[in-house]
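Worksheet for the structure shown next.
Model, not experiment: these values are computed from the prediction. Positions are given from 1 along the sequence.
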Amino acid sequence: MPTPIHPCQSILWSAACVLLTVVCTLTGGAHIAAQPLDPPILDWRRGQKPAMFNLTPQAELVDGSIVGRVVEPDNKWNIFFTTDADLLDGGERYRVIVDYRVLDAGAADNAMLYMVMRSDEPGAQWTPTVKLDGEVGEPASVTVDYLLPDGVSGHELRFCARADGALAIDRLRIQPLPRLDAAVLADPDLSLTAPGPADFEGRPFEPFALCAHLDRVHFYTDEQVEAALDFAEELGVQTFRVGVSWTRMMPHGPDAHQPYLDRLDRIFTGLERRGIEPLLVIIGVPSWASSAPPGAERPWSYMPRDLDQFRDYVRLVVDRYGGFADFYEINNEPDWHFWSSSIADYMTYSRAAVEIIRELDPQARVMNGGFSGTGLWYMEGSKPDTFARILDLGFAEVFDILAIHTYDRTAEQVIYRVNRWQAMLESKGLGDTPIWITEAGFSVWHNEWNNVTTTEAQQADYLSDLYNIVTRHPSVEKVFWYNLRNKDHYKRPRERGFGLIQNDFTTKPAADVYRRMTHELKPGRDPRLWQVDRWLDIPPQ
């Protein structure tokens with residue numbers, strides 16, 4: 001499922017915009033002539049006069065810090081202070097670094113301290129909301145990179161509370177960042193080399209992949225499964241993501257539910273018959289096997305009580321379907337709502353699964369459950385340190401591939417995000433780890449909150465940019481479009497509109513673009529895309 005975030009305004013970016021500006025040298029990486037960054041447009045520290053800020057009646061200076069408190073607890077939204085509306089420009093990119101202290105986390109169930117980049121122009125969207133949390137009174141810091149939408153002005157950085165709470169800001173820095181710029185490609189003096197321990201040459205160019213929920217019998221009939229697989233073959237799909245849910249396979253106990261096995265048999269044999277490679281997702285924990293506390297909202301997202309029961313499920317899956325699949329993904333978005341136990345538990349769970357997979361299929365390649373983009377945005381409900389912790393807990397011992405999800409609204413922003421993950425891999429000497437984007441998509445829907453409507457034409461343009469640009473990144477092996485089919489039954493409006501086809505199987509323009517891409521996109525990698533933002537992990541001065 002896609003990450004439920006408030007994405008940036010859509011900026012349809014042409015395929016010509018394929019490059020870089022920045023850099024520095026990361027340890028062990030390649031060298032590139034550094035271009036100086038512009039000076040910060042704002043660098044406020046505790047004790048200075050708060051220039052370029054607009055304090056509301058809910059904010060005051062206390063011992064040199066800007067302190068905001070909720071003074072009307074019945075008011076759901078409370079703004080403490082904002083930057084000037086003319087400080088930040090649409091179409092520009094900024095890094096925001098905030099040092100803060102939570103003074104009161106709030107007693108209300110929905111209390112949240114947050115910052116948001118916001119414009120009140122008609123049609124503007126949140127870009128995005130970032131939660132500010134931590135131990136009360138303890139210093140904390142957050143860094144977020146924003147790409148502000150073209151054509152929308154009046155952006156303000158706002159610090160706010162929902163329902164309750166108090167926050168102290170001790171430092172705020174806003175640094176302009178360079179954007180991908182096609183003009184750089186014309187520079188005859190630009191000299192770039194691929195970083196990291198491997199140059200990724202010789203890898204197959206098979207990036208066209210697709211997500212669906214074919215195992216869900218309430219969503220697809222057997223006849224519709226066959227129609228969906230026929231359509232995927234006709235589109236030119238090379239890899240198909242298939243969830244194999246423990247919850248659906250063994251809903252009431254350790255005995256497998258035969259109708260679910262029959263559905264999976266149909267899917268895997270159908271993929272093999274059409275020459276499409278499956279990515280098999282190990283996912284879900286049935287209630288009877290879950291360690292979830294009584295009354296938990298998502299019992300399927302907790303660690304199994306008995307790992308031997310979990311191993312039995314994995315063994316059945318690999319015994320029955322391992323002959324069809326060479327690739328496995330272990331769960332889904334462990335940095336978001338799909339995993340409620342600890343990250344250490346997730347690694348124990350993953351090791352148990354991988355132990356069985358490699359015993360039965362030593363040649364299999366395994367990846368983590370795709371990390372949600374929220375793991376880099378510090379969104380409410382996210383676990384932003386998940387990947388860093390998994391790296392420390394032995395990522396390289398368990399996983400062969402890094403799986404990520406991105407629902408960014410431009411291909412340009414996807415490149416920035418991929419390079420953020422890449423930098424974290426390189427910091428551990430894992431720069432040659434391939435990256436699979438196992439979910440990426442663009443929903444056609446109407447957002448009543450911001451009165452913004454996205455169109456089928458925008459979805460098609462986004463898909464074109466995604467495959468034209470992101471598949472050229474040397475680390476990215478595959479991009480799985482989410483989703484095959486609209487989910488009209490789903491409660492959340494945004495979740496309904498990601499499909500290449502409507503719920504009734506009529507096609508959208510994006511399907512025609514996907515088909516054309518699989519037939520016309522020529523193989524190729526562009527190492528310059530790997531060099532964007534090489535300095536991201538260098539601490540700010």
Side-chain angles (χ1 to χ4, degrees), residues 4-6 40-85 87-88 94-120 125-146 154-175 335-337 374-385 449-450 540:
I5 65 173
H6 303 287
I41 62 171
L42 189 154
D43 192 355
W44 177 84
R45 300 170 185 261
R46 181 178 182 178
Q48 295 178 344
K49 183 178 179 179
M52 294 185 281
F53 297 157
N54 300 302
L55 303 186
T56 72
Q58 299 181 6
E60 59 181 335
L61 289 175
V62 178
D63 296 329
S65 298
I66 299 174
V67 174
R69 301 180 186 278
V70 173
V71 296
E72 298 179 17
D74 293 334
N75 181 7
K76 184 176 181 181
W77 306 103
N78 302 270
I79 300 174
F80 298 151
F81 75 94
T82 72
T83 57
D84 289 342
L87 181 65
L88 304 166
Y94 300 97
R95 162 167 280 195
V96 175
I97 306 166
V98 185
D99 296 340
Y100 66 94
R101 287 167 290 132
V102 175
L103 303 181
D104 180 356
D109 290 339
N110 64 337
M112 183 177 81
L113 298 161
Y114 65 96
M115 71 176 181
V116 62
M117 193 75 80
R118 178 68 172 154
S119 170
D120 287 327
Q125 294 188 7
W126 303 87
T127 53
T129 303
V130 179
K131 187 178 181 183
L132 303 175
D133 57 9
E135 297 296 326
V136 172
E138 293 298 317
S141 183
V142 64
T143 300
V144 180
D145 295 344
Y146 291 91
H155 292 278
E156 301 171 355
L157 181 67
R158 301 179 182 181
F159 290 85
C160 317
R162 187 175 68 196
D164 199 0
L167 183 72
I169 304 296
D170 297 324
R171 185 179 181 189
L172 173 61
R173 173 177 168 147
I174 302 179
Q175 171 72 57
D335 55 348
W336 189 247
H337 297 300
T374 60
L376 298 180
W377 281 116
Y378 297 79
M379 299 293 293
E380 182 181 12
S382 71
K383 308 178 187 76
D385 62 342
W449 181 269
N450 293 303

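- Atom-to-atom distance recorded for Tyr114:OH and Arg158:CZ is 8.5 Å, nearest 0.5 angstrom.
- Salt bridge Lys383/Asp335: absent, no basic N to carboxylate O contact under 4.0 Å.
- Taking 4.5 Å as the limit, some side-chain heavy atom of Arg171 sits within range of a side-chain heavy atom of Arg45.
- The aromatic rings of Phe159 and Phe81 sit parallel to each other, their planes meeting at less than 30°, with 60° as the upper class boundary.
- The local environment of CD in Glu135 is sparse, with at most 12 non-hydrogen atoms from other residues, nucleotides or ligands closer than 6.0 Å.
- Within the 4.5 Å cutoff, the side chain of Ile79 has no heavy atoms near those of the Gln58 side chain.
- Across Phe80 and Leu113, no two heavy atoms sit closer than the pair CE1-CD2, 4.1 Å.
- Across all their heavy atoms, Ile66 and Pro50 have their closest contact at CD1-CB, 4.1 Å.
- Within the 4.5 Å cutoff, the side chain of Val70 has no heavy atoms near those of the Arg162 side chain.
- Contact of the Glu156 side chain with the Asn54 side chain is not registered, since no non-hydrogen atoms from C-beta on lie closer than 4.5 Å.
- Salt bridge absent: Asp104 and Arg69 never bring a charged side-chain N and a carboxylate O closer than 4.0 Å.
- When atom types are taken as modelled, the side chain of Arg173 and the backbone of Pro40 share no donor-acceptor pair closer than 3.5 angstrom.
- A distance-only check finds no donor-acceptor pair linking the side chain of Tyr94 to the backbone of Val144 [under 3.5 Å].
- At a threshold of 4.5 Å between non-hydrogen side-chain atoms, the residues Val130 and Val96 do not count as touching.
- Side-chain contact between Leu157 and Met115 is present, with at least one heavy-atom pair separated by less than 4.5 Å.
- The main-chain N or O of Asp99 is never found under 3.5 Å from a side-chain atom of Ser141 such that the two would form a donor-acceptor pair.
- For the pair Ile174 and Leu88, the tightest heavy-atom approach, listed with the atom from each and the gap, is CG2-CD2, 3.9 Å.
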